[in-house]
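Report on one structure; see the data block that follows.
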Amino acid sequence: MRNRKFIYTLISVAFAVGFYIYDNYYAADTSNTNSAQNTSTSAFLPSSTTGVIARHNFYTVSYNENFEQAEWVAYELESSHIKSANFKRPYFVEDPQISTKSASYRNYKNSGYNKGHLCPAGDRKFSKEAFDETFLMSNVTPQIYEFNGGIWNRLEQKTRYWAKKYKKLYVVTGGVLEPNLKTIGSENVAVPNYFYKIILDYQEPEIKAIAFLMPHKKSEKALYKYVVSIDEIEKLTGIDFFPELDDSLEDKLEKSNSYANWSFR
DNA sequence: CTGTAGATC
DNA sequence: GATCTACAG
């Protein structure tokens with residue numbers, strides 16, 4: 001009888017250990033195989049002029065408290081991320097990782113400006129968690145309706161098209177934060193006069209980059225009209241965009257304002 | 001896709 | 001304030 005009890009105990013322990021191992025393996029496995037994880041861009045993060053960086057699960061923010069918004073938002077965009085799920089939009093909430101508090105959504109109410117995503121919700125549709133994470137107020141900037149839903153939306157769609165075509169992109173987006181901008185709300189959220197988006201395709205043999213600088217206004221012009229060099233955006237923002245790149249490659253990519261390698265379809 | 005506003009509890 | 005539905009480019 002004592003033997004039998006011992007064997008039962010042994011079996012129970014074996015199951016418990018087995019489950020423990022299985023559980024941990026399974027947990028590790030989902031985080032590794034789910035391409036949703038760790039897309040906050042560990043490589044190629046720009047420099048931060050503020051030192052206030054929030055690493056979220058699906059994108060990274062450098063926040064500038066003076067302007068009550070991000071100076072940049074960076075993330076990876078892979079072809080596998082592009083999905084057409086129809087998630088319900090959640091409410092915008094403050095970013096818990098910003099100690100100085102990201103701007104409240106109340107600043108935008110009746111301001112005449114939309115809450116424009118920097119990391120678009122449409123780029124994070126591979127999971128509800130990723131989608132919802134784009135609705136943090138640190139990922140938002142004031143944009144007029146005609147810009148956000150117009151040429152800016154066109155640029156975001158083109159970026160998704162390139163992600164599908166070129167497989168994997170590193171994207172950096174922000175408003176140009178400069179003195180004397182108009183502000184909205186009680187917290188004085190600055191309204192940028194220009195927005196930029198920089199895209200890196202770090203894939204041999206043809207590593208390529210493209211940068212856009214757009215005036216904050218309605219436009220029907222072709223997207224390529226807004227292509228500039230990364231150097232130009234660095235001059236305007238004081239941000240070093242790809243410090244992790246090999247210097248000679250960085251120089252070459254950043255001084256170019258050619259879009260020859262990018263298909264505008 | 002990108003968004004907002006009004007009604008309701 | 002949260003939630004639902006309707007609507008606009």
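Quick caveat: nothing in here was measured; it's all calculated off a predicted structure. Reminder, nothing fancy here: chain letters follow the sequence lines and each chain counts from 1.
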Interatomic distance, A:Lys88 NZ vs B:dG3 P [rounded to whole Å]: 17 Å
Covered region of DNA chain C, 5' end to 3' end, by chain A [heavy atoms, under 4.0 Å]: C:dG1 to C:dG9
For the student: nearest non-hydrogen atoms of A:Ile184 and A:Ser111, plus distance: CD1-OG, 3.8 Å
Whole-Å gap separating P (B:dT2) and CZ (A:Phe131): 7 Å
Sugar-phosphate only, base, or nothing, as touched by A:Asn153 at under 4.0 Å among non-hydrogen atoms: base
Sugar-phosphate, base or nothing in reach of A:Arg89, heavy atoms under 4.0 Å: base
Cation-pi, A:Tyr161 ring and A:Lys158 (6.0 angstrom, 45 degrees): yes
Rounded interatomic separation in angstrom, taking OH from A:Tyr91 and P from B:dT4: 12 Å
Aromatic ring proximity A:Trp162/A:Phe264, centre distance under 6.0 Å: yes
Sugar-phosphate, base or nothing in reach of A:Glu156, heavy atoms under 4.0 Å: sugar-phosphate
Separation of atom CH2 in A:Trp152 from atom P in B:dT2, rounded to whole Å: 13 Å
Any A:Leu136 side-chain heavy atom under 4.5 Å of A:Ser102 side chain: no
Check: A:His117 ring centre within less than 6.0 Å of A:Tyr59 ring centre: no
Ring centres under 6.0 angstrom apart (A:Tyr202, A:Phe44): yes
Cationic N near anionic O, under 4.0 Å, A:Lys252 to A:Glu254: no
Proximity of A:Phe92 and A:Tyr105 rings by center, below 6.0 Å: no
Separation of B:dT4 P from A:Gln143 CD (nearest whole Å): 11 Å
Pi-cation contact, A:Tyr166 with A:Lys208 (under 6.0 Å, within 45°): yes
Protein-nucleotide distance (A:Asn86, atom CG; B:dT2, atom P), rounded to Å: 11 Å
Strand-adjacent residues in residues 101-119 of chain A, judged by heavy atoms under 4.0 Å from DNA chain B: A:Asn114, A:Lys115, A:Gly116, A:His117
